[in-house]
K.L.:
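There's a structure below that I have some questions on.
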Amino acid sequence: MTERLSDVTTGTDTSAAGRDSDSYDANERAANPDAYAGSRQTTEGTVYTVTGGDWDEVLAEAAGDERIVMNLGPQHPSTHGVLRLVLELEGETVTQARSVIGYLHTGIEKNVEYRNWTQGVTFVTRMDYLAPLHNEAAYCMAVEKLLGVTVPQRAQTIRVLLMELNRISSHLVALATGGMELGALTGMTAGFREREEVLHLLEFLTGLRMNHAFIRPGGLAQDLPEGAEQRIKDFIKVMDSRLPDYDKLLTGQPIWRNRLAGVGYLPVDACLALGITGPILRSAGLPWDLRKVQPYSGYENYEFDVPTSNAADSYARYLLRLEEIHQSLRIVRQAVDNLVPGPVMVEDAKIAWPAKLTIGSDGMGNSLEHVRKIMGQSMESLIHHFKLVTEGFAVPAGQVYVPIESPRGELGYHVVSDGGTRPMRVHVREPSFVNLQSMPAMCEGGMVADVIASVASIDPVMGGCDR
């Protein structure tokens, strides 16, 4: 009986029995269900006609049998634009949640196979567009491991400097978009305001706000411009003055705390079972940060803390990202102090491209002085430069896996070379893709509104997830 009540629609029984529904007692209804809720076939399916009985009792019997399947996204501002969530609801409670990805698929991994090793940087930097410099660094470190070359000290320090600035901007976007999705619009405007400060600085240092292609195999495209150290110190002063505002605005705010605390719970055993890394794992109490446990690029020489929490909820992830911004600023201060004069590209002329890039007066291409220097040398050097740019350098055959700590967790590059001037295979262990597996575990059993908070705490970037 109750299996069919979930399909009940309003209707009127005009039969003789239906007009005199009081003539039936409870025993007769139990013996003859059709007398209680008769049915008829229509062009749109079966229509049930309920006659008599206590409607509240009918609804109580049907409770739990009615499900609503809802699409959240992919064109939805609260799912980061191109993430589709298929939610099965029982009232406001989520009984089942599934993620549907692929709406931002770009085929970057396959495209890299058709470009030389240096050109691959311009593809991977567009993968996780909120952490482009981390993708550049991880890819170049994998290529350098295959080549067996060591990057100059100054280039290593600048890489750390740029990656930490990039981490700050990424976490600011996480805070800003999370605030927007939960209604804390002032948090959104403040987060994007501070992110603009980071992007202005990155534009001054690398020439571009995003998709920099500044980190190259063997080092960097060019050295930092004049006045870079002072600009960085000015930026640190601005951030030191503004970061306390986030604690005043959000951390102690009762509505913000109530919307996040206890929401999106994922303990450490679940994180390990799903391969979750980054702030989600650290919010569950495990201080796993590759900059500490498997140092690279000289991170072992920097003093910084790895913040953790045992709450394992969305509020803990918010607090950790805010604290990680402070820790990144600590690293940036040390990196500026550690900058020593020297080259920013390996000395091997068969790898270094472009070794000494200078920008033209129009802001595009090489300057005339650089072109004259190339053209004014011997014909052999001109031919070598031409072949290096068009064909690229050969990388010894082999395969490597290089992981780094991106703002979202472990970002790993598995790169395979067959000895040619192009990668044979590039596969990325993308943290957004892996971390998104935690969404059902965080959301099922909670409310629809809490799905938004949980997804925001995961901080997925769909460009990296779909790539």
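Numbering of residues begins at 1 and proceeds along the displayed sequence.
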K.L.:
When you check the side-chain N and O atoms of E410 and T277, is any donor under 3.5 Å from an acceptor?
P.N.:
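Judged by distance alone, the side chains do not pair up.
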
K.L.:
Heavy-atom count around M424 CE within 6.0 Å, excluding the residue itself: above 12?
P.N.:
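No, because the 6.0 Å sphere around CE of M424 holds 12 heavy atoms or fewer from other groups.
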
K.L.:
With a sphere of 6.0 Å drawn around CD1 of I255, does it hold more than 12 non-hydrogen atoms of other residues, nucleotides or ligands?
P.N.:
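It does not: I255 CD1 has 12 such atoms or fewer within range.
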
K.L.:
Of all residues at least two apart in sequence or in a different chain, which pass the side chain to side chain contact (heavy atoms under 4.5 Å, CB included) check with N111?
P.N.:
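With neighbours one apart ignored, the set is F123.
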
K.L.:
Using side-chain hydrogen bond (donor to acceptor under 3.5 Å, both in side chains), reason through Y246 and E194 one step at a time and then give a plain yes or no.
P.N.:
CA-CA 11 Å; Y246 288 86; E194 267 66 88; 2.8 Å; yes

K.L.:
Testing the 3.5 Å rule here: is there a donor-acceptor pair between the side chains of H212 and E136?
P.N.:
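Short answer, no.
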
K.L.:
Checking side-chain polar atoms at under 3.5 Å, does N435 have a donor or acceptor matched by the opposite partner on S438?
P.N.:
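Their side chains do not contain a donor-acceptor pair, so the 3.5 Å distance test is not met.
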
K.L.:
A quick test of your reading: do over 12 heavy atoms of other residues, nucleotides or ligands sit less than 6.0 Å from OH of Y114?
P.N.:
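Open.
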
K.L.:
Among all residues two or more places apart in sequence or in another chain, which pass the side chain to side chain donor-acceptor pair (under 3.5 Å) test with N71?
P.N.:
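Residues passing side chain to side chain donor-acceptor pair (under 3.5 Å) with N71: R84.
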
K.L.:
Would you say the side chain of V151 lies within less than 4.5 Å of the side chain of R159, judging by non-hydrogen atoms?
P.N.:
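Heavy-atom side-chain distance check passes, below 4.5 Å.
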
K.L.:
Could you note down all residue pairs passing ring-ring contact (aromatic ring centres under 6.0 Å, His included) where residues 247-289 supplies at least one of them, sequence neighbours left out?
P.N.:
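Sorted pair list: W256-Y318.
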
K.L.:
Going by side chain to side chain contact (heavy atoms under 4.5 Å, CB included), name the residues that satisfy it together with R98, two or more places apart in sequence or in a different chain.
P.N.:
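Only V86, Q96 meet the side chain to side chain contact (heavy atoms under 4.5 Å, CB included) criterion with R98.
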
K.L.:
List the residues meeting side chain to side chain contact (heavy atoms under 4.5 Å, CB included) with E323, not counting sequence neighbours, and say none if there are none.
P.N.:
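Here the qualifying residues are P307, H326, Q327.
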
K.L.:
Under a 4.5 Å cut-off applied to non-hydrogen side-chain atoms, are P460 and V455 in contact?
P.N.:
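A side-chain contact under 4.5 Å exists here.
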
K.L.:
Run the numbers on V416 and H414 for side-chain contact (heavy atoms from CB on, under 4.5 Å), then give the verdict.
P.N.:
CA-CA 7 Å; V416 183; H414 177 210; 3.8 Å; yes

K.L.:
Check step by step if side-chain hydrogen bond (donor to acceptor under 3.5 Å, both in side chains) holds for R408 and S170.
P.N.:
CA-CA 9 Å; R408 272 155 284 287; S170 179; 3.0 Å; yes

K.L.:
Check whether NZ of the Lys or CZ of the Arg R467 lies under 6.0 Å from the centre of the six-membered ring of F433 and within 45 degrees of that ring's axis.
P.N.:
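Relative to the ring axis of F433, which defines the angle, R467 lies inside both limits.
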
K.L.:
Please test L202 against R209 for side-chain contact (heavy atoms from CB on, under 4.5 Å), starting from the C-alpha separation and ending with a verdict.
P.N.:
CA-CA 6 Å; L202 287 176; R209 290 160 55 89; over 6 Å; no

K.L.:
Consider side-chain contact (heavy atoms from CB on, under 4.5 Å). Of V395, L388, V346, V143, which one does I351 pass it with?
P.N.:
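Running side-chain contact (heavy atoms from CB on, under 4.5 Å) over V395, L388, V346, V143 with I351 returns exactly one hit, V346.
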
K.L.:
Tell me whether the rings of Y139 and W117 are parallel (<30°), tilted (30 to 60°) or perpendicular (>60°).
P.N.:
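Parallel.
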
K.L.:
Taking side chain to side chain contact (heavy atoms under 4.5 Å, CB included) as the test, write out the residues that go with N338, two or more places apart.
P.N.:
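Once residues adjacent in sequence are excluded, the partners of N338 under the side chain to side chain contact (heavy atoms under 4.5 Å, CB included) criterion are T157, Y302, Q334.
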
